[in-house]
Amino acid sequence: MDCSVLVIGAGVAGISAALHLADQGQAVTVVERDDFVGGHAVRLGCKAVEDCQRCNACLLPDRLARFLAHPGIDLLTRSQVQALDRTGQGFQARLRQRPAIIDPERCDDCGLCLRQCPALEEGALRRPAWADQRPTLAVDPAACLYFQDGRSSLCQEVCPTQAIDFGRPARELEITAQALVLAGGFRPAPPDEKGRLGYGQLPNVVTGLELEEMLRRTGRAVRPSDGQEPRRVAFVQCAGSRQRLARNYCSRICCGYGLRLAKGLSRGQGAQATIFYMDLQSSGRDPDQFLAEARQELELVRSMPGDVGSGSDGAVWVEYQAQSGQPPQRREFDLLVLSQGLAPNPDNQAFTDWLGLEPGPHGFLADGPGVFVAGSAAGPMDVAESALHAGHAAQAVLEYLEDKA
Amino acid sequence: MNGSGRTGVLLCRGGRPRRDDPEFRRLRWAAEACPEVAGVLEVTKACRPEDLRGLGEKLQKMGWSGEVLVGACPLAGDPGPLAAAWREVGLDPARCRVVDLMQRPEQGDQPCQPGAGSLAGLAQALAARAGLGLPPAEEMVVSRRVLVLGEGLSALTAAKTLAEAGHPLLLVTPGPRLAPLLPLLGPEANAEAAALAGDLNGRDGVEVINQGELLALTGSAGRFVARVLDRQGELLEREVGAVIVAGMPPRGLNLPPAGIQANAALLSLDELLSLLDSPEHLRKRLAGQEQPRVGIALGLARESSPLALRAACQAAQRLVEQFHGVVTLYLNNAKVAAPDLEELTQETRGLGVVFMKFTQAGPRIEPAGGGLCITYPEEILGLTVEDDLDLLAVEQVGGSDPAWAELAQRLGLEASPLGRLTPDRGACLPSTSARAGVWVVGAAAAAPDLAPALHQARQAALAARELLGSGRVSHHGAKVKVDRKLCTLCLTCVRVCPRGAMSFHGRRPFSNPLACTGCGTCAAECPMDAIQPVEGDDRRGAAEVRAGRSAEPETPGEALAPTCLVLACANSAALSLDQARRTGGPLPEGVRLVRVPCAGRVDPQLVLDALVQGYDGVAILDCHPGACHSLDGNLWAGLRLENLRRLLAESGLEPERVTLRHLSPVAAGQALNLLREVQAGFAALGPNPVRMEAQVRAMLDRFTLRMDESYRLI
């Protein structure tokens with residue numbers, strides 16, 4: 001298979017870069033590891049209550065719609081790059097495409113499989129956050145019982161259109177391209193490496209991304225332990241960022257989303273929101289107003305919790321020192337949200353090795369000859385910045401191809 | 001009905017429940033884009049009678065009165081089975097023509113190949129293959145010249161990018177030259193700017209007007225006319241296709257309004273950075289102090305930025321290393337949101353520079369001796385600290401002054417109090433301005449740091465390239481049509497158009513197809529109803545609304561006719577509803593959903609019509625304030641709703657029968673609940689008292705329609 005530009009990753013940056021390039025007449029192939037496109041951005045929920053909070057989550061839908069229908073873009077989902085080589089003319093990529101266990105051509109979206117799946121809770125059958133893609137269901141081999149011990153193939157038996165087939169083989173593909181766009185995005189940083197913030201131990205300690213997904217699905221935030229709407233919510237900023245030893249950088253987006261989520265909860269659900277922080281970063285196009293509103297509506301505490309534990313009635317207690325020299329305080333919250341940061345994609349190393357790239361800052365990626373990084377693969381950035389950065393990368397690709405021609 | 005005689009395309013999936021191959025996707029996409037095509041429908045198998053049931057009504061509802069083209073049919077060579085099936089369900093096979101649009105053309109163009117270019121080209125090739133006799137897509141000749149306003153690195157980056165792509169440029173700088181020294185950016189960025197300026201100055205096709213003043217920007221995207229006054233007072237007039245504004249808003253010291261008076265020990269961070277480059281001057285300023293006490297204050301009144309923090313750290317390091325200074329950084333929040341800043345601040349602290357964080361109240365700065373005294377409550381220690389300083393450098397922040405506001409106005413934009421020139425909309429990129437064809441980048445688009453500003457600049461340059469292409473841009477004609485017989489030249493449309501797409505040339509209205517987003521605000525606001533969107537005029541809208549009600553059950557036991565009309569913005573609410581329908585089940589019963597291109601398109605007449613038709617209530621679903629894709633369509637919808645409600649109240653109908661609710665495109669989880677809520681609200685009001693009257697009217701309407709039909713036959 002030949003194309004002029006190979007875009008790796010179909011998140012907001014990959015999608016935007018592909019659109020820019022295809023609009024300019026380039027033949028673009030986009031490779032996405034997941035079953036669905038949209039990356040992290042498509043999982044974000046609307047945080048508006050009366051007014052829009054300018055979180056930019058709604059930048060994605062029209063891009064996605066255009067992307068999925070664009071005649072100049074070929075999309076390969078479920079595909080992962082196995083090897084990348086520079087050739088005389090450009091690049092050669094070897095891909096492995098997981099089989100489509102649910103055949104998009106046959107699946108009629110009847111939903112019978114969902115009703116039968118014994119491992120639905122564990123996530124064996126997934127729906128995309130953006131439903132306008134085919135199929136609207138995918139089997140996650142990591143959670144599916146068939147792939148663990150062949151225990152269940154109920155969905156295959158029940159499917160009326162024989163769309164589900166566990167036996168389909170994977171596919172190996174070779175693609176040559178003139179230029180590469182690396183848009184593999186980020187990984188959420190581990191929010192609680194030292195195990196002090198109760199993540200994974202206390203049910204009512206969640207990450208910001210989990211809260212976003214909850215909002216997207218149901219429109220309300222609830223406590224995972226009992227489904228009650230929380231009255232007292234605390235956010236811990238810089239969870240996993242600004243750490244001297246692990247990630248010695250600011251993740252840039254967490255103040256923006258954390259404060260917006262907190263404002264949304266306080267305005268929309270009447271919750272009392274507290275923010276534990278070190279420094280508040282600016283966000284949006286009017287940072288002064290953004291932070292002034294936050295100061296008015298939220299309780300801002302410049303201190304990081306030292307310890308977290310299980311309180312009465314499912315609550316989470318947080319111990320922190322409001323001022324140096326004073327004894328630590330302990331307060332209870334119904335829900336504790338860890339504003340987790342952005343970590344580099346673990347695949348970055350492979351790309352650096354294959355392509356002989358100079359290492360980028362903090363394990364993120366940097367451009368190389370014919371290789372252009374778009375979006376948060378290059379470093380932490382938010383949705384709007386990723387879209388803009390993708391435009392910058394697409395322009396660089398065009399210049400590279402024009403120079404070559 | 002609109003589009004009479006237009007062709008409909010029926011795509012056959014060849015027996016498959018879904019077809020997801022790119023070719024089929026492209027075919028559908030191109031067919032939808034074809035202006036000669038009234039609509040596209042997919043069926044599983046076009047020659048299977050059970051798949052064709054209800055097709056007749058569907059065709060009628062979509063306004064297909066011409067022939068129906070069956071595309072992607074594997075049996076294209078043999079129309080026999082198809083004709084039989086059509087006859088079986090009572091459709092006229094003579095109206096159906098079979099063409100396999102999937103078939104590759106023998107030679108020549110390969111429109112379905114990836115990279116074959118624009119949508120317009122693809123649609124044209126498709127039409128040619130189907131023998132639709134489509135008039136070629138219209139072309140608009142545009143100017144490829146781009147006006148770049150500004151002199152700094154963002155402006156030069158955008159200019160260089162465009163110049164390399166072969167665009168002629170008009171560079172207008174407020175100052176006397178390109179790339180003036182801006183110490184805040186540091187030596188590397190300044191050197192880069194100087195290099196770019198050297199490259200652009202005197203380059204072919206690049207016209208630089210130093211100390212130029214933009215007097216006016218008339219016209220619209222692709223065809224602006226810029227009038228610029230140069231240094232000698234001479235007026236230049238240039239056609240430009242696009243504009244990139246990369247100017248820097250006026251900057252002032254970031255001090256509280258009741259800050260301190262000018263003082264010898266007080267200077268701007270920029271001045272400090274310049275002084276560091278001329279050590280003699282700085283030593284003099286420090287009056288030969290052995291260990292000068294220097295403060296750098298960020299975020300005193302307004303929020304600081306990563307750009308300022310980087311410059312402050314670099315200045316602090318040089319003060320310590322070269323001048324043995326005792327340096328303190330005063331800040332409310334360390335704006336470390338850049339990849340390098342966490343490490344840079346640690347390194348700066350490591351050199352002995354003290355970082356002091358004051359509370360929101362901020363510090364007090366007073367003259368003391370030859371210097372200044374800064375007093376502040378320290379947030380972490382909980383103490384009030386007093387520091388005596390020989391020198392205090394304060395960062396500068398952007399704002400707005402009358403000249404900047406005036407420039408914004410001339411560009412057709414609006415300046416915020418912070419000097420930003422773009423509207424703050426959640427669904428738009430930060431560089432998207434309120435005028436199509438004009439992009440704002442850098443500080444005027446609130447870029448927090450240099451790198452994001454340069455990304456904006458390059459992206460805007462690419463967007464301008466995409467807009468102007470080779471100078472001839474193909475499109476499908478204006479998205480709105482103006483009836484000149486009805487137009488009274490009131491210019492309401494020019495005033496309300498959110499993207500500056502509407503203009504008049506003499507008495508001739510011109511809706512710029514490159515700028516118009518088809519939101520339809522102008523059509524709804526036009527007091528003479530002289531403007532009609534090409535896709536979906538008033539009559540079509542009314543027909544769609546009526547179509548719901550005319551499904552009045554004839555036999556008891558059938559589903560009731562919908563009682564709740566939902567007009568959903570196609571950019572937001574309709575998307576969430578689509579998503580919700582796919583994953584959360586069907587719409588609640590009794591809801592009729594009609595998409596509108598933007599809430600700004602909703603004509604009060606349509607809402608009244610719906611109430612007359614007998615709907616118990618009408619809900620308009622728009623974007624949240626501040627999220628509108630057409631910038632302000634939802635504001636117009638809100639204003640109209642207020643008036644409409646007053647009207648309803650005056651006429652004795654409950655104003656609550658019309659409601660406006662916000663639903664974002666990424667809130668599928670809320671969508672169905674919102675509909676149920678709205679429906680319950682209408683149900684609480686009881687049945688619409690107009691309904692009885694409506695039934696009589698519906699009868700009359702049916703009669704008139706029949707009369708119309710018979711006239712057409714005559």
Side-chain angles (χ1 to χ4, degrees), chain A residues 4 20 23 25-27 44-46 48 51-52 54-59 61-62 69 71-74 104-108 127 131 134 136 161 216-219 242 248-250 252 279-282 285-288 291 295 302 323-324 361-362 379 384-385 387-389 391-392 394-395 399, chain B residues 16-20 22 25-26 29 112 114-117 122 161 164 302-303 305 333-337 339 341-343 360 379-382 416 418 420 422 424 426-427 429-431 446 448 452 455-456 458-459 461-462 466 572 575 579 582-583 624-627 662 664-667 669-670:
Chain A
S4 62
H20 276 300
D23 280 347
Q26 301 295 335
L44 309 180
C46 176
D51 281 7
C52 168
R54 278 84 165 169
C55 73
N56 296 127
C58 50
L59 266 176
D62 20 342
I73 298 174
D74 273 327
E105 303 235 334
R106 288 170 181 259
C107 172
D108 216 4
R127 277 198 181 278
R134 301 293 319 163
T136 52
T161 58
R216 172 125 189 170
R217 267 202 320 274
T218 63
R242 300 186 70 183
N248 198 11
Y249 56 88
C250 163
R252 299 189 70 221
D279 292 291
L280 291 178
Q281 304 305 317
S282 301
R285 273 162 269 174
D286 196 340
D288 286 78
L291 290 178
R295 286 185 187 105
R302 197 197 284 269
Q323 238 152 35
S324 60
H362 311 293
E385 275 184 330
L388 286 165
H389 190 257
H392 153 81
Q395 171 61 34
E399 281 171 14
Chain B
R16 289 181 253 184
R18 303 271 170 198
R19 278 196 74 168
D20 227 25
R25 209 154 33 110
R26 278 174 202 136
W29 191 69
C112 287
L122 198 67
T161 307
E164 290 286 323
R302 296 247 318 270
E303 293 299 331
S305 63
N333 286 300
K335 302 285 184 184
V336 287
L341 281 179
E342 191 68 39
E343 282 169 349
Q360 203 40 44
E379 188 161 17
I380 296 162
L381 303 171
S416 83
L418 302 187
R420 200 191 62 230
T422 53
D424 195 5
L429 289 176
S431 49
H455 298 152
Q456 286 181 358
R458 301 254 296 163
Q459 197 267 352
L462 179 55
E466 284 168 4
S572 56
L575 294 176
Q579 302 284 307
R582 292 214 168 177
T583 51
H624 290 87
H662 314 308
S664 109
V666 293
Q670 287 148 273

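Reckoned from all heavy atoms, side chains included, excluding hydrogens, waters and symmetry mates.
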Atom group of [X] that falls short of 4.5 Å from chain B, counting heavy atoms:
X       : result
T218(A) : backbone
E385(A) : side chain
R127(A) : side chain
H20(A)  : both

Which region of [X], side chain (C-beta onward) or backbone (N, CA, C, O), has a non-hydrogen atom less than 4.5 Å from a non-hydrogen atom of chain A, or is it both or neither?
X       : value
R302(B) : both
S431(B) : side chain
T422(B) : side chain
L418(B) : side chain

**Asked** Of the listed residues (L291(A), N248(A), N56(A)), which shares the most heavy-atom pairs with chain B below a 4.5 Å separation?
**Response** N248(A)
Among the options [options], pick out the one with the most heavy-atom pairs lying under 4.5 Å from chain A.
options                            : answer
R458(B), R420(B), Q456(B)          : R458(B)
Q579(B), K335(B), E343(B), E466(B) : Q579(B)
A461(B), A667(B), A334(B), P448(B) : A334(B)

**Item:** Approximate separation, where rounding is to 0.5 Å, of H624(B) NE2 and C46(A) SG
**Value:** 5.0 Å
**Prompt:** Mind checking whether R252(A) and P452(B) have side chains closer than 4.5 Å, heavy atoms only?
**Reply:** yes
**Prompt:** Salt bridge between D286(A) and R54(A), side-chain N to carboxylate O under 4.0 Å?
**Reply:** no
**Request:** Please work out which of the three classes, parallel, tilted or perpendicular, describes the rings of H389(A) and H455(B), given edges at 30° and 60°.
**Result:** perpendicular
